[in-house]
Protein chains: 2
Amino acid sequence: MGEWRQLMGKRVTIADVAREAGVSISSVSVALNGGPGVSEETRARIAEVARSTGWVPSVRGRSLSGNRAFALGLVLQRKPEVLEADPFFAGFIGGVESILERRDFALVLQLASSRSGMIDRCRRLALARRIDGMFLTDIRLRDPRIPLLAMLGLPTVAINAGPGCPFPTVRQDPEPGMRDLMAHLVGLGHRRIAHVSGGKGMIHSAQRLKAWRRGLDAAGLPHGPVVQGDFTSEGGSRAADELLSLPEPPTAVVCANDLTAIGFIARATEIGFHVPHQVSVTGYDGIQLGSFMRPPLTTLLTSPHGLGRAAAGLLLDLIDGKPVTDVEIQPASLIIRGSTAAPPA
Amino acid sequence: MGEWRQLMGKRVTIADVAREAGVSISSVSVALNGGPGVSEETRARIAEVARSTGWVPSVRGRSLSGNRAFALGLVLQRKPEVLEADPFFAGFIGGVESILERRDFALVLQLASSRSGMIDRCRRLALARRIDGMFLTDIRLRDPRIPLLAMLGLPTVAINAGPGCPFPTVRQDPEPGMRDLMAHLVGLGHRRIAHVSGGKGMIHSAQRLKAWRRGLDAAGLPHGPVVQGDFTSEGGSRAADELLSLPEPPTAVVCANDLTAIGFIARATEIGFHVPHQVSVTGYDGIQLGSFMRPPLTTLLTSPHGLGRAAAGLLLDLIDGKPVTDVEIQPASLIIRGSTAAPPA
DNA sequence: CTGAAAGCGCTTACAG
DNA sequence: CTGAAAGCGCTTACAG
C-alpha cells in the first residue's frame, strides 16, 4: 500500500505523513530525527504512519534545509588500464561502505582521466555542495589538492599522507614490514638487492624506496640499482629486461607492488632466469592472486579494507565536529612464499 | 578573489551573482542553463560575474527545485574478498565515469554485504530521491531488484540481462567468442572438455554454461563434467582437485572466468599436472594479469569499460526522455595464449 | 508537548 | 527581454 502510493508517482512526503498522523510536519521531522520534545505516544504514531506509507525522507529537502549532503566524496585519477587491476581501489571502497552502510551516507565516486580533471572535479564537488567530506588518496609530493581542500574548508581525511599534511590521517606503516622483508633477503644471503620503484611522485613510492634503502643501510650493503616503475605489470616486465641484462644482475629484486613483481617474474622466466633460484622477487600489497602465482609471491600484506573503514569513521567524526586524531592501523606484514630463496652459490 | 569569498564560509549563491550583475536571480538561472529569453549581453555579463566570483550552483537547490538529482546509482553486492580482484567492477565504473565526467553527473556507489542489504539500499536510494537512474549489474535468475525498480518507476539500464528484462539493456554477446573457443579446443583434438561454472544463480554463469554445452553439441561431443565454481581462484583450485582426480580426467577445462582459471592452473600444477600439455585451461574476461601468467591464459576478452560507457550513455538518454533501444557492444573475442595445447597423445 | 513560520538555493511558469 | 512569486521537501528556531 505504501509502495503502491510511491509507484503511482505520488511520492509520499513529510506533509502526507503529517496529515495522516494528524500532526504538523515539524513534529514529524523532530520525531524521526530523534529530537526531544515529542511525546512517546506521538512519536510511535508517526513512526507507524511513516512505516505504513513507506515514506523515506527526501535527501534533497534534507540537504537543503539541514545544510548537509549526507554523502562523502572520493576522487581518483587512474588510467583505465591501471584501474582494472588496482589493488587498492576496490578494497578501500569496500571498507568505506561497510561504515557508510549503517549511517545511510552515500559515497560519491569520481574518476578523472587527467590530473587537472581530478583537481577540477574535487573543486566542483565541494563547491556544488554535493558532499560533506572527502577522502584524499594517492597523495603526491606537493599535492595541489591539499591547499585546495584546505582553502575550501571541506572536511578531509588523508590516507597514508606524508608528514606536514594538514588533515587528519589514516596510516598503515610500511616500515616494520619492509624491515622484516629486507632482513629476510639479507638472511638468505643476498648482497645485490635491486628495487623497482612505484609511480613517479607518489608518496607511497617514496616511502617504499626509502624503506628499501634503510634495509640495505642496516645490513651494511651498498644500494643496488633502482629502476623507475609505475605500479603496473608492464613496468615490472620492462624492469626485468633492464636489471637482468646488467653485467652483474641483482640476486634479489624488491618491487614496489605485487603487479610489478608479477610482471617482473613473468619476463624473467621468459628470458631464462629461474625465480627464485636465480633471482628472488618480492611484491607489496598482498593481493589475493599473489598466492596463486607459480612461484607464489613473497610480499607485504596491506589492508585497503581496514584503511577504508578507519578513514570513513574518522571522516564522519570530523564532520560531526567530534575531536579526532590520526589513526594507525596494524602495519603491513611480511608474507614469505615461494618467490624468494637463497641466491645461487 | 572568488575563491577567497568561498573560503571564508560566505558561500557564493545565485543571489550574490544576481546582485553583482544587477539582474534578478531568475535571469541568472535562465542564463546559465542556456535557456532562451536572455539577451546575449546580459548572459555574458552574468557569466563573467559567475566566473569571477567562482560561483558553482548548489546541487541541493538545483535538485530540490528542478526535481533531478544529477546523480546515477550503482549498487553492488560483493564479498569484500571477491571485490578486490573483481574483473568487472573497476573497468565498468571507469567507463561510466568517462561519460559522466563531461555531464557533471555524479556516480553514487553503494556496496552491500548481503542480498537483502542490496535490495534495501536500492529501495532507499530511489525513494530518498538521491539518484535519477540506476545501473543494474550482476543480474540473477528472477532477480528481485527487477520488479522493485520497475515498481518504483526509476529509470534503469540493465547490463547483460537475460531475455524478459523490462529495462533497456547493454549487452556484450558471449556466444561468438565461446563458439570460437570451443572450436579451438576441439580443433586441437580435445574430446573430454569440462566446465567450471560461475556463481550460482547468476545470469552470466548460465550464459557461459549454455555456450559451453552448445559448443560440445556442435562438435558432437558428450557433455563433460561440470563443477560448480564461484568466480574466485579458490573455487578454481577446488575444481582442479575435483576434476583431476577423476578416473578419466578432462583434457581441457573451460572456466567461467579468469580468476577461476588461474586458481585451477595453480592447483593443477601443484598436484603434478602440466598445463597445457596434460590439461588445457581457459578463462573468460581477459584481465590484464592473464598475459603475465605462466603459461599465459587463453581467454575471451570482454570490455567492462565499453559496457560502462554504453550503459551511461543509455541511462542519460533514458532520463532525458529520449527514445532508446538496447545496445550491443562488440562481442567478447577469443585470445589464444599458452594455456591451451593439443591433448596428450 | 505541539504548531506556524521562515528559510535553505535553486527552477519554472507567469506577468509585465 | 526581465523580474516577482511560488514552490520543491525538509529543518530549525520560536511561540504558544
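Below, chain A is the first sequence line, B the second, and so on; all start at residue 1.
You'll find that the side chain of B:W55 is closest to C:dC10, out of C:dC10, C:dG9, D:dT11. Side-chain proximity of A:S24 to the nucleotides C:dT11, C:dG3, D:dC10 is greatest for C:dG3. Closest approach to the A:T13 side chain among C:dC10, D:dG9, D:dT2 is made by D:dG9 (side chain taken as heavy atoms from C-beta onward).
A salt bridge does not link B:R78 to A:E97: none of the charged nitrogens lies less than 4.0 Å from a carboxylate oxygen. Salt-bridge check for A:D132 with B:R60: passed, with a basic side-chain N closer than 4.0 Å to an acidic carboxylate O.
Among the heavy atoms of the strands lying under 4.0 Å from B:S58 are primed sugar atoms or P, OP1, OP2 only; no base atom is included. When heavy atoms are screened at a 4.0 angstrom cut-off, B:R62 is found touching the sugar-phosphate backbone but no base atom. Within 4.0 Å (heavy atoms only), A:V59 reaches no atom of the nucleic acid at all. If you check every strand for non-hydrogen atoms under 4.0 Å, A:S63 touches nothing.
Residues B:R140 and B:R115 meet the side-chain proximity criterion, which asks for heavy atoms closer than 4.5 Å.
The base of C:dC8 has none of its N or O atoms less than 3.5 Å from a complementary donor or acceptor on the side chain of A:S65. No N or O donor and acceptor, one from the side chain of B:S26 and one from the base of D:dA5, sit under 3.5 Å apart.
Rounded to whole Å, atom P of D:dT11 lies 10 Å from atom CZ of A:R68. Between B:I46 atom CD1 and C:dT11 atom C1' there is a gap of 14 Å when expressed in whole angstrom units. If you take CD1 of B:I25 and P of D:dG7, they are 15 Å apart, rounded to a whole angstrom. A straight line from CD1 of B:I14 to P of D:dA4 spans 14 Å, rounded to a whole angstrom. Taking atom CZ on A:R60 and atom C1' on C:dT11, their separation rounds to 13 Å, with Å as the unit. B:R43 has its CZ atom 10 Å from the P atom of D:dT2, to the nearest Å. Per the geometry, CD belonging to B:E40 stands 11 Å off P belonging to D:dT2, to the nearest Å. Across the protein-nucleic acid pair, A:L64 atom CG and C:dC8 atom P stand 9 Å apart, rounded to whole Å.
Regarding contacts with the backbone of D:dT2, a side-chain N or O of B:S39 is found under 4.0 angstrom from either OP1 or OP2. In terms of phosphate contacts, A:S27 brings no side-chain nitrogen or oxygen within less than 4.0 Å of OP1 or OP2 of C:dT2. Distances shorter than 4.0 Å separate none of the side-chain N or O atoms of B:N67 from OP1 or OP2 on C:dT11.
Place B:R45 and B:R129 on DNA chain D by their nearest nucleotides, and B:R45 ends up nearer the 5' end.
Other residues, nucleotides and ligands contribute only 12 or fewer heavy atoms inside 6.0 Å of the CZ atom of B:R124.
Minimum interatomic distance between B:D16 and B:V12 (heavy atoms only, all atoms of both residues): OD2-CA, 3.3 Å.
Within the shown strands, nothing qualifies as a pairing partner of C:dA4 under the Watson-Crick or G-U definition with both distances less than 3.5 Å. Base pairing of D:dA13: no nucleotide in any strand meets the Watson-Crick or G-U wobble criterion (both distances under 3.5 Å).
Remark: of the listed residues B:E41, B:E40, B:R45, B:E40 is the sole one forming a side-chain contact (heavy atoms from CB on, under 4.5 Å) with B:R43.
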